[in-house]
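Only one structure is covered here, and it is reproduced in the block below.
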Amino acid sequence: MKTKLNYTKRIISMFITMMMMALCVSVPVKSSGSNEPDLKEMANELMILVNNAREDSGLKPLLTISFLNDSSQVRARESVFNFSHDRPFYDEDGNYASFVTAIDDNMIPWENAYENLACGMDTPEGTFLQWQKSPQHWAAIMNPDVQYMSAAVTYEPNSEYGWYWDQIFVKVFDDVYQGIQDNDSATIEEFPIFRDSNLVYDPSALHIKPVSNGDIDGDGVVDIFDVVMLEQYLNGDVRLNAEQMKSADIVVDGVITTMDVEFLRMYILGEIPELELDVGVAIRTIMSK
């Protein structure tokens, strides 16, 4: 199956997007602190602020895609030299290329795309506040139709404003999104990144650090809440980061299945003395019950 992209609709949507997002707020400030900033962590904090605001308004939180974050990183760097939704080069028609050309639609089949830019602030909170005060930027953040987002920040001390932030929001085509939600094999084969938890993830999950095997929610205790989270993962309701995936692989076979759920539950009930069973032990344990 090869998705047929509706280019006419996409072009119209792109024009509307550019008109909506033309206003960018910039407040020049100096960088605070002498330590080298963790730019990826700052971008992640910005995405968490966005999702918290969306959830407070009853909207679904957005997942992020590593490849889309790469697009935002490219755009953040470009905005140092050309603070605009246009890119600093011409397209084949002799016009400045739109920001959307930074998105690889062979990887991310977007239908609508929106971009927020900001400069000057050296914290995620300050940048988020800039956008919150701008109706056009806030409309992108609170758009109920988008499903994925990205963010990036770059720091150029010799530039006019120092700090440059980019955030992209996308809505993928409905048939693709439904196929992803249904785990449709043809859709996943065409766009495999959408089922890779290392590439598509909940930004807040990056802060979850399991302290032991089975501690999937990272609270330091292996209990029924870890079972619930594991079941939610198998149902496609939550994403797990790489450390959570390792913690959830109770049977140590490289995949997460209902067998891992069952043995985690058995451990919590005291029916098995330890976690991290190899496959042979796990099968014998089940057959003996």
Side-chain angles (χ1 to χ4, degrees), residues 1 40 44 47-48 51 55 60-70 107-109 147-150 172 176-289:
M1 178 189 83
K40 288 187 177 180
N44 191 67
M47 290 189 287
I48 292 174
N51 270 346
E55 289 190 279
K60 186 175 181 179
L62 304 176
L63 298 176
T64 190
I65 307 173
S66 292
F67 290 160
L68 196 60
N69 282 334
D70 293 341
M107 302 298 296
I108 304 169
Q147 305 117 348
Y148 302 97
M149 68 173 166
S150 62
V172 301
V176 175
Y177 186 69
Q178 192 59 53
I180 294 167
Q181 298 305 108
D182 296 341
N183 202 21
D184 173 68
S185 58
T187 304
I188 299 305
E189 181 179 356
E190 188 174 359
F191 304 107
I193 67 168
F194 286 98
R195 295 308 296 176
D196 188 332
S197 61
N198 291 320
L199 297 179
V200 182
Y201 54 90
D202 176 354
S204 63
L206 293 181
H207 291 292
I208 298 178
K209 307 292 184 184
V211 300
S212 65
N213 198 44
D215 178 30
I216 302 167
D217 61 7
D219 65 354
V221 180
V222 179
D223 54 22
I224 192 63
F225 295 106
D226 298 297
V227 174
V228 171
M229 179 168 280
L230 190 51
E231 290 175 333
Q232 289 175 331
Y233 167 77
L234 291 175
N235 290 334
D237 298 327
V238 300
R239 296 272 179 166
L240 304 180
N241 63 34
E243 292 186 49
Q244 288 177 294
M245 292 287 285
K246 182 179 179 180
S247 175
D249 187 14
I250 308 301
V251 182
V252 198
D253 58 355
V255 293
I256 308 300
T257 67
T258 54
M259 185 177 292
D260 296 295
V261 175
E262 181 59 27
F263 278 99
L264 184 57
R265 184 181 288 110
M266 290 170 65
Y267 173 78
I268 292 169
L269 293 174
E271 297 177 4
I272 56 175
E274 60 183 359
L275 292 174
E276 247 184 88
L277 305 174
D278 64 48
V279 178
V281 171
I283 292 175
R284 288 194 297 272
T285 301
I286 286 180
M287 292 183 66
S288 67
K289 295 187 74 64

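When a residue number appears, it is its place in the shown sequence, counting from 1.
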Determine whether Glu190 and Val176 make a side-chain contact, defined as any pair of heavy atoms from C-beta on separated by less than 4.5 Å. no

Using 0.5 Å steps for rounding, measure from the CG atom of Leu234 to the CD atom of Glu231. 8.0 Å

Between Ile216 and the options Gln244, Gln232, Met245, the side chain to side chain contact (heavy atoms under 4.5 Å, CB included) test singles out Gln244

From Ile224 atom CD1 to Arg265 atom CZ, the distance as rounded to the nearest 0.5 Å: 6.0 Å

Main-chain N/O of Tyr201 paired to Thr64 side chain as donor or acceptor, under 3.5 Å: no

Among side-chain atoms of Gln178 and Asp182, is any donor-acceptor pair under 3.5 angstrom? yes

Scanning both residues in full, the closest heavy-atom pair of Asp223 with Asp219 reads OD2-OD2, 4.0 Å

Verify, without hydrogens or angle tests, whether Ser247 (side chain) and Ser212 (backbone) share a donor-acceptor contact under 3.5 angstrom. yes

Could you report the tightest heavy-atom contact between Gln181 and Lys60, atom names first, then the distance? NE2-NZ, 4.3 Å

Would the distance check show the side chain of Gln147 and the main-chain N or O of Val172 forming a donor-acceptor pair, the cut-off being under 3.5 Å? yes

Any donor-acceptor N/O pair, Asn44 side chain to Ile48 backbone, under 3.5 Å: no

Distance, nearest 0.5 Å, that separates CZ of Phe263 from OG1 of Thr257: 9.5 Å

Less than 4.5 Å apart, any side-chain heavy atom of Asn51 and any of Pro203? yes

Are any side-chain N or O atoms of Asp260 and backbone N or O atoms of Leu264, one a donor and one an acceptor, separated by less than 3.5 Å? no

List the atom of Pro210, the atom of Asp215, and the distance in Å for their closest heavy-atom pair. CB-O, 3.0 Å

For Lys246, check side chain to side chain donor-acceptor pair (under 3.5 Å) against everything at least two apart and list the hits. none

Candidate list Leu68, Ile65, Ile193, Asp70, test side chain to side chain contact (heavy atoms under 4.5 Å, CB included), partner Met107, passing option: Ile193

Is it true that a side-chain atom of Asp249 and a backbone atom of Gly254 form a donor plus acceptor pair closer than 3.5 Å? yes

Lys40 NZ: over 12 foreign heavy atoms closer than 6.0 Å: no

Please round to the nearest 0.5 Å and tell me the distance separating atom CE of Met47 and atom OG of Ser204. 10.0 Å

Is it the case that the ring center of Phe67 lies less than 6.0 angstrom away from the ring center of Tyr148? no

Would you compute the distance between atom CZ of Phe194 and atom CG of Leu199 and round it to the nearest 0.5 angstrom? 10.5 Å

